[in-house]
Number of protein chains: 2
Amino acid sequence: MQKAAIERNNEVIAAQLTPVGRETVQDRVYSELRRALIGGLFEPSQVLTIRGLADALVTSTMPVREALGRLITEKALEALPNRSVRVPPITLERIDDLLRARSLIEGEAIALAATRMGPRQIATIEAMLGEWDEMRALKHKKDIDREATLNQSFHFEIYRCCGSAVLIPMIESLWLQSGPCIRVAIYAFSEAGEVDTAHYHRRIVAALAKQDAQAAREALVADISRPFAFLRDKLQSAAAKGST
Amino acid sequence: MQKAAIERNNEVIAAQLTPVGRETVQDRVYSELRRALIGGLFEPSQVLTIRGLADALVTSTMPVREALGRLITEKALEALPNRSVRVPPITLERIDDLLRARSLIEGEAIALAATRMGPRQIATIEAMLGEWDEMRALKHKKDIDREATLNQSFHFEIYRCCGSAVLIPMIESLWLQSGPCIRVAIYAFSEAGEVDTAHYHRRIVAALAKQDAQAAREALVADISRPFAFLRDKLQSAAAKGST
DNA sequence: TCAAAGCAAGTGTGATCACAAATCAAAAAA
DNA sequence: TTTTTTGATTTGTGATCACACTTGCTTTGA
């Protein structure tokens, strides 16, 4: 019986081949819509149609409708009584609500991560800090998308260390919900003279390196509060102008 | 022009008729599965098939598969690599993880509610306390389902007062995830001599009546910790027995 | 001129079918 | 007896179709 030999041979093969995976169309549609939502590619209050998205993504309606259903249950999209779906509109209450929830949960996650990150993980996020500086050095083209992606990677690299399989999906859901709001603020930021995001990230890294959970939490809250505060002011002044 | 008269007539009609609503089949399937999950009707690790559920619910596969997809994104169900779906198995880590998340978020929700509940709302949950006592008075039949439903109503009546449209869906998601676990504990409770749930609820109501957010948070954490702690012990002793 | 009725295009929902992958059982080979 | 292979059944996925509801526009009537 050559069972052992066959087994060994299979292991050799497995070591050289990378798993091809078996992603469904629905998963791709879902991921794509997620990406678009977090990245703020859709505007608040914009309505989405199944057939429209299916055409844009070059598939049939079936994967799209299931992906939309999933996004609706995550509150990333909103089902109108007319059965059409739209990205939720921005309101003052919603902004405050989202910021409070994010501070609470992401704060907890980073506090947990602070006690669990080893030098290996710290090095990873420090490298991201460097990457950020690099990007700012050749700042002639403001690559907002790249900035947003890097920011996201930075945060989730940390959250992943919190060791909670329950908190992380909740954080993802919160990013999904605040994506369209945030993007509005990001655009405004880049017009109104850029604030130094890297500074806030450095504070976070410093706190994590010292394993200071409380400081990390505070630094994080300061970081995520900025776009919300900015957006809040913008909305309030717009409302004031509109009412006069 | 009799426009005003017609308008008035329509109002009269509207006052007598109750809106018929337009719930889709998918919504009903989703609600039903939610109810079953929170109520612990499915066992941890149990696998569910689309066609099986469709037969059980007497519909076609279409509404079921979309409902399942939604429940998977909420982590109420789990998608296996084989593409079959099951209710997530219980592990020690998961229990601790769920309890921590629930304490954090439901604690925050009740703290917010404590400052926002008026005498009207307090009266409502006090009435539920009374209903509980009533039920315990004629305790000859242990109606576990009714107890669980009442417990759920009690908690969500409070949470609804927190004024956060973001936190409440997260809490619902957490109940969905802990439902199958909790049920195991509940059954064990009713065997092993019932602990007085009403006592914990009374503590919560007392704290809320005094608008004492911190006390309310602590009382709540004590309340929701019990089944988790019980389940934790049970699992640990089972593991100890299994390994010897 | 204007409001209401009627019509047409568009949209979501559910059912059914085709196909590929997985699972399980029986049969064949070692 | 044990392992492998083969075949049948089950299952999830995606496409397509039929139907009902909504929406926006045109036409009709006052």
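- Heavy atoms of B:Leu48 sit under 4.0 angstrom from primed sugar atoms or phosphate atoms, though from no base atom.
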For side-chain contact (heavy atoms from CB on, under 4.5 Å), just list the numbers for B:Tyr159 and B:Leu167, CA-CA rounded to whole Å, side-chain angles, deciding distance to a tenth of an Å, and then say yes or no.
CA-CA 9 Å; B:Tyr159 301 145; B:Leu167 289 181; over 6 Å; no
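- Checking the phosphate oxygens (OP1, OP2) of D:dT11, no side-chain nitrogen or oxygen of B:Asn82 falls inside 4.0 Å.
- Using a 4.0 Å heavy-atom criterion, one finds that B:Glu66 contacts no nucleic acid atom at all.
- Counting to the nearest Å, the P atom of C:dA22 and the CG atom of B:Leu80 are 13 Å from each other.
- Closest contact between the side chain of A:Ile50 and the listed nucleotides C:dT13, D:dG12, D:dT13 involves C:dT13.
- Not one N or O on the side chain of B:Ser178 forms a donor-acceptor pair closer than 3.5 Å with the backbone of B:Cys181.
- For the pair A:Met62 CE and C:dC17 P, the interatomic distance rounds to 14 Å; values are reported in whole Å.
- No donor-acceptor pair under 3.5 Å is formed between the side chain of B:Glu66 and the backbone N or O of B:Pro63.
- Heavy atoms of A:Thr59 sit nowhere under 4.0 angstrom from any nucleic acid atom.
- The separation between B:Glu23 atom CD and C:dG14 atom C1' is 15 Å, rounded to whole Å.
- Under a 3.5 Å cut-off, the side chain of A:Ser173 and the backbone N or O of A:Pro169 do not form any donor-acceptor pair.
- Nearest-nucleotide assignment on DNA chain D puts the 5′-proximal partner with B:Gly52, out of A:Gln26 and B:Gly52.
- Projected onto DNA chain D by closest heavy-atom contact, A:Arg51 and A:Thr24 fall at different nucleotides, the more 5' of which corresponds to A:Thr24.
- Atom P of nucleotide C:dG12 and atom CZ of A:Arg86 are separated by 15 Å, given to the nearest angstrom.
- Each of C:dG14, C:dT16, D:dT11 was ranked by its minimum atom distance to the side chain of B:Thr49; first place goes to D:dT11.
- One atom, CG of A:Leu53, and another, C1' of C:dT11, lie 13 Å apart when rounded to the nearest Å.
- One interatomic measurement links the two molecules: CG of B:Asp55 to C1' of D:dT11, which rounds to 13 Å at whole-angstrom precision.
- Side-chain proximity of A:Thr61 to D:dT16, C:dG14, C:dT16: nearest is D:dT16.
- For the pair B:Pro81 and A:Val85, nearest-nucleotide mapping onto DNA chain C gives the more 5' position to A:Val85.
- A straight line from CG of B:Leu57 to C1' of C:dG14 spans 15 Å, rounded to a whole angstrom.
- Going from atom OH of A:Tyr30 over to atom C1' of D:dT13 covers 18 Å, rounded to whole Å.
- Taking the charged nitrogens against the carboxylate oxygens, B:Arg34 and B:Glu172 do have a contact shorter than 4.0 Å, which makes a salt bridge.
- Side-chain proximity of A:Arg83 to the nucleotides C:dT13, D:dG14, D:dG12 is greatest for C:dT13.
- At a cut-off of 3.5 angstrom, counting only N and O atoms as typed in the model, there is no donor on one side facing an acceptor on the other between the side-chain of B:Arg65 and the base of C:dG14.
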